[in-house]
Amino acid sequence: MIITGSDIAVNLLQLLRQRLNDALVPLTPEPETYVDMLRPAGDTKFGDFQANCAMPMQKSVGKPAREIAQLIVDGLKVDDICEPPSIAGPGFINLKLKESWLTEAATRSANDMALGIDPVSKPRKFIVDFSSPNVAKPMHVGHLRSTVIGHALYRVLKRLGHHVLSDNHIGDWGTQFGMIIYGYKNFRDEARFAEKPVAELARLYRLVNQLSDYHTLKPALPGLIEAQKCAAASLAQAQSQLASAVASGVKKSPELQQLVKKAESDLKAANEEVESARKKLAAVEGDSDLFDLASRHPKIAEDARLETAKLHAGDAENLALWNQFLPDCLQALEGLYERFGLKFDMALGESWYNPMLPGVLERLEQAGLLTKSQGAQCVFIGGNEAPFIVRKSDGAFTYATTDLATIQHRVESLKADAILYVVDSRQSEHFDLLFATAKKLGYRDVELQHVKFGTILGEDKRPFKTRSGDTVGLESLIDEAIVRAREIVNAGDDGKPTGAELDEETRQAVAEIVGLGGIIYADLHHSRESDYSFSFEKMLATKGDTATYMQYAYARVNGIFRKGGVNVADIRSAGHALNLAQPAERMLALQLLRFGEALQDVAVDYRPNVLTQYLFETANRFSAFFEACPVLKESDESIRHSRLLLCDWTARVMKEGLDLLGIRVAEKM
RNA sequence: GCGCCCAUAGCUCAGCUGGAUAGAGCAUCGGAUUUCUAAUCCGACGGUCAGUGGUUCGAAUCCACUUGGGCGUACCA
């Protein structure tokens with residue numbers, strides 16, 4: 001018999017909090033502020049759970065904390081679940097689960113194919129906006145985090161029972177498209193375009209971008225050099241001021257030191273700017289073909305902008321080109337998403353909102369939010385210096401306008417309760433302004449969240465680039481991870497004491513699972529707001545906190561089943577009871593029981609790393625169990641059954657947990 | 001100039017709305033293998049949580065300032 005999630009008290013934590021709440025009611029008028037202070041024990045030696053509410057209640061209750069703790073314990077009815085509670089330290093209440101209760105709850109959960117997760121009682125409608133590539137350019141490493149974090153949040157929220165729609169807000173309408181059109185009209189290689197249209201369009205984009213950079217930088221270089229000289233001069237001046245101050249006996253001058261430091265960093269910035277400009281100019285001037293092209297297209301930046309403007313104005317030729325290019329571009333994206341096992345519910349790009357833009361402007365106007373400044377239509381939000389520009393001085397709308405239209409659509413047509421934007425933290429200012437403007441337009445009930453994330457750095461602590469300084473393509477990044485993973489798989493399989501057991505095809509399949517899983521896991525296990533250093537060596541390490549470790553745990557479970565000729569379906573339908581006599585068994589079961597809790601924690605602040613931590617801990621406890629508790633060799637049949645069930649439960653939690661992160665598993669590795 | 005973010009072990013990073021002796025992984029050192037897959041497990045070593053002051057029963061966590069770093073800052077998205 002299969003027991004469904006609704007039959008059992010799924011969330012242990014919630015259950016205990018409910019009991020605590022009952023005990024708090026006679027003691028305080030606001031028990032709800034204290035029930036959350038019951039949480040899993042920080043240290044297992046204190047028990048399984050602890051309640052920390054007695055101390056903060058001292059003021060309102062007017063008694064010492066230990067006395068309050070005693071009152072709580074007196075009123076706490078948990079004798080069916082826990083051993084008698086104990087009070088420790090300043091007033092901690094420690095709870096240890098009764099073995100009988102734990103065993104029973106674990107048995108029910110282990111036999112529950114829903115893994116003890118009930119759908120949330122109040123589902124909300126979420127729109128998760130992530131990935132958002134630009135069709136003009138191939139996805140690069142910068143898109144990785146948005147894609148991977150967004151995907152994970154999407155799946156977790158959905159698993160919890162919310163109504164979730166993923167939306168890929170593709171950049172298909174901006175300035176870059178004008179560059180492509182200009183490139184296509186002037187530079188296209190017919191043969192290449194016929195063969196690989198997207199690659200050719202990407203090449204054209206890069207070319208136009210490069211040439212237009214060239215013409216922007218060429219006249220600007222003297223100015224940059226001048227600025228560099230000025231910066232050097234002010235540094236020298238600041239230094240001499242400091243030196244003469246020191247000479248005249250001043251011991252410390254924070255102001256002057258500050259000045260020197262500021263001048264130093266200004267000079268550094270100026271140096272970098274000049275160097276980067278020189279590099280770009282040299283790249284064009286050093287290549288006679290490029291230089292020739294540059295000379296023949298002196299107004300390329302302006303002309304490309306003109307193409308964008310024509311497109312937006314409905315020019316027939318440009319619109320036709322746009323319609324011709326777009327499907328190929330989208331198709332190319334699909335290929336990459338397929339590797340991630342990712343499918344969007346919607347992909348409403350910027351172009352889709354184009355017809356709504358005049359209406360947005362009108363609403364802003366009616367709300368009295370518009371101010372004309374330097375020829376542009378702006379919304380000024382108090383406390384912010386920068387304006388929120390909704391219409392440029394040339395009359396074109398901006399992504400600010402599009403983003404407002406997007407909110408309008410998501411709230412009014414899609415009835416969203418919450419919109420998550422999984423976007424780089426560097427855009428937080430934009431989102432602050434966007435959300436503030438939306439609120440002023442009356443969108444107050446919807447939760448607008450910028451789910452921000454940090455930058456991926458190279459080993460040099462600078463933003464991750466190739467040796468030549470180019471951004472790293474996402475596709476090639478994945479390919480390299482898989483190549484490296486393949487070597488590890490080969491070595492691992494060749495090194496097996498019982499001899500290699502994977503054929504070519506399986507090895508490659510495992511390499512793909514391990515390589516891609518490594519990239520995804522490495523990204524998700526960092527807390528999303530911090531920057532992190534990208535390292536193939538670390539993410540694919542055969543030891544430590546990596547995707548492989550968890551995939552390996554899963555494969556080992558399957559190894560047991562394979563070796564023992566165990567039919568998994570039999571275990572799932574037999575309704576075996578768990579026996580948690582061994583500490584390793586108990587630790588594992590308790591951990592598996594907390595799967596739902598981990599998912600809920602992910603949703604609180606939209607942090608997938610909560611789940612990676614949970615899965616690492618789970619795999620860890622499984623490995624300990626694997627060492628300590630033989631399964632197939634166990635002679636006592638009921639214990640063997642219990643352990644087989646524990647294995648299968650582990651496998652299901654690992655597989656599903658990893659799946660929610662977008663990471664696959666292999667049966668053998 | 002203004003704004004935002006960050007500083008935790010040698011390295012890479014966790015640390016949930018403030019909770020007990022600050023945790024992992026890597027590295028180093030020591031142990032475990034006639035293997036249900038050692039891509040593993042067990043143990044040891046390692047920290048003035050950048051600094052100073054404050055809030056309170058209690059601070060890595062909250063507040064202020066200081067120091068050091070990153071990012072953003074008007075018509076790109």
Side-chain angles (χ1 to χ4, degrees), chain A residues 33 36-37 39 41-43 45-46 50 52 54-56 58-59 64-65 88-92 94 132 134 171 174-176 254 261 350 373-378 383-394 396 398-400 402-403 423-430 432 452 454-455 457 461 488-489 491-492 495-498 501 514 525-527 529-533 535 537-538 541-546 548-549 551-553 555-564 566 601 604-605 607 609-610 612-613 616-617 620 623-624 626-634 643 647 668-669:
Chain A
T33 57
D36 285 356
M37 301 182 119
R39 55 185 69 157
D43 190 325
K45 75 169 178 243
F46 297 126
Q50 62 182 70
N52 305 332
M55 289 81 81
Q58 286 177 101
K59 276 229 175 89
F92 295 104
N94 291 326
S132 312
N134 202 313
T175 312
Q176 5 73 28
K261 227 167 58 189
E350 291 171 339
S373 172
Q374 297 176 26
Q377 293 285 0
C378 309
N384 290 77
E385 225 177 290
F388 193 54
I389 298 176
V390 290
R391 184 166 210 171
K392 302 192 285 189
S393 50
D394 65 5
T398 70
Y399 73 128
T402 312
D403 281 354
V423 180
D424 196 305
S425 355
R426 283 173 291 198
Q427 289 192 45
S428 59
E429 213 165 3
H430 166 72
D432 288 345
K452 57 188 87 164
T455 309
L457 307 174
K461 296 280 179 190
I488 293 167
V489 171
K496 278 178 187 160
T498 48
E501 55 181 21
V514 167
H525 102 279
H526 291 91
S527 70
E529 292 193 57
S530 54
D531 298 346
Y532 77 91
S533 308
S535 158
E537 283 76 18
K538 280 187 180 138
T542 54
K543 39 181 66 177
D545 185 3
T546 59
T548 329
Y549 179 67
Q551 289 165 327
Y552 181 63
R556 290 219 281 186
V557 174
N558 280 281
I560 293 176
F561 291 161
R562 215 178 318 118
K563 199 82 140 201
V566 176
D601 277 353
V604 172
D605 287 318
R607 292 184 326 192
N609 71 316
V610 172
T612 61
Q613 274 177 50
F616 178 64
E617 180 65 24
N620 218 317
S623 294
F626 186 90
E627 295 289 326
C629 305
V631 180
L632 299 175
K633 287 179 192 160
E634 174 57 50
R643 289 181 182 168
C647 285
K668 284 190 212 175
M669 60 189 282

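Chain letters run A, B, ... following the sequence lines, proteins first and then strands; every chain starts at 1.
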Should the pair A:Glu634-A:Arg643 be classified as a salt bridge under the 4.0 Å nitrogen-to-oxygen rule?
yes
Say you pick atom P in B:U66 and the same atom in B:U28; how far apart are they, in whole Å?
43 Å
Which nucleotide in the set B:C13, B:U40, B:C42 lies at the smallest distance from any side-chain heavy atom of A:Ala624?
B:C42
Listed nucleotide nearest any side-chain atom of A:Thr175, set B:C76, B:A74, B:C13
B:C76
For the C1' atoms, the ones on B:A60 and on B:U52, what distance do you get once it is rounded to whole angstrom?
16 Å
Measuring from the side chain of A:His526 (C-beta onward, heavy atoms only), which nucleotide among B:A39, B:C13, B:U73 has the closest atom?
B:C13
Between A:Ala41 and A:Gln50, what is the shortest heavy-atom contact and its length?
CA-OE1, 3.5 Å
Lys/Arg N to Asp/Glu carboxylate O, A:Glu529 vs A:Lys452, below 4.0 Å:
no
Using the P atoms only, state how far B:A24 lies from B:G47, rounded to an integer number of Å.
15 Å
Kindly point out which of B:U12, B:C41, B:C36 is positioned nearest to the side chain of A:Lys633?
B:C36
If you check every side-chain atom of A:Asp545, which of B:A14, B:G19, B:G25 has the closest atom?
B:G25
Spacing of the P atoms in B:C29 and B:A7 (rounded, Å)
31 Å
Answer yes if the side chains of A:Ser425 and A:Ser428 hold a donor-acceptor pair under 3.5 Å, and no otherwise.
no
Please answer whether B:A39 and A:Tyr549 are stacked, defined here as ring centres separated by less than 5.5 Å and planes angled under 30°.
no
Separation of A:Asp605 atom CG from B:G15 atom P, in whole Å?
10 Å
How far does the C1' atom of B:C11 sit from the matching atom of B:C71, given to the nearest Å?
24 Å
Base B:A74 paired with A:Asn384 side chain (donor-acceptor, <3.5 Å)
no
Counting C-beta onward and ignoring hydrogens, is there a side-chain heavy-atom pair between A:Cys647 and A:Phe626 closer than 4.5 Å?
no
Inter-nucleotide C1' distance (B:U55, B:A64), Å rounded
11 Å
Say you pick atom C1' in B:A59 and the same atom in B:C49; how far apart are they, in whole Å?
11 Å
Ignoring hydrogens and angles, are the base of B:U21 and the side chain of A:Lys45 linked by a donor-acceptor pair under 3.5 Å?
yes
Heavy atoms from other residues, nucleotides or ligands near NZ of A:Lys496 exceed 12 (cutoff 6.0 Å)
yes
Below 3.5 Å, does any donor atom in the side chain of A:Ser373 face an acceptor in the base of B:A74, or the other way round?
yes
Looking at the side chain of A:Thr548, which of B:U40, B:A39, B:A74 is the nearest nucleotide?
B:A39
With rounding to the closest Å, how many angstrom separate the P atoms on B:G10 and B:C5?
28 Å
Where does RNA chain B pair, written as one dot-bracket string 5' to 3', with Watson-Crick or G-U pairs under 3.5 Å, ( ) inside the strand, [ ] for crossing pairs and | for another strand?
(((((((..((((.....[...)))).(((((.......))))).....(((((..]....))))))))))))....
Proximal nucleotide (of B:G19, B:U40, B:C36) relative to the A:Asn52 side chain
B:G19
The side chain of A:Tyr552 is closest to which nucleotide in this list: B:C76, B:C71, B:U37?
B:U37
A:His430: partners by ring-ring contact (aromatic ring centres under 6.0 Å, His included), with sequence neighbours left out:
A:Phe388, A:Tyr399
Taking the side chain as every heavy atom from C-beta outward, state whether A:Val514 and A:Gln551 have any atom pair closer than 4.5 Å.
yes
Applying the 5.5 Å / 30° rule, does A:Phe616 stack onto the base of B:A24?
no
For a quick check, tell me whether the side chain of A:Arg39 and the base of B:U17 share a donor-acceptor pair closer than 3.5 Å.
yes
Please indicate yes or no: is the ring centre of A:Phe626 less than 5.5 Å from the centre of the six-membered base ring of B:C36, with the two planes inclined by under 30 degrees?
yes
Among B:G70, B:C41, B:G19, which nucleotide has an atom closest to any side-chain atom of A:Ser623?
B:C41
Does A:Pro387 reach the side chain of A:Ser373, with side-chain heavy atoms less than 4.5 Å apart?
no
Closest to the A:Gln374 side chain: B:C42, B:A74, B:C57?
B:A74
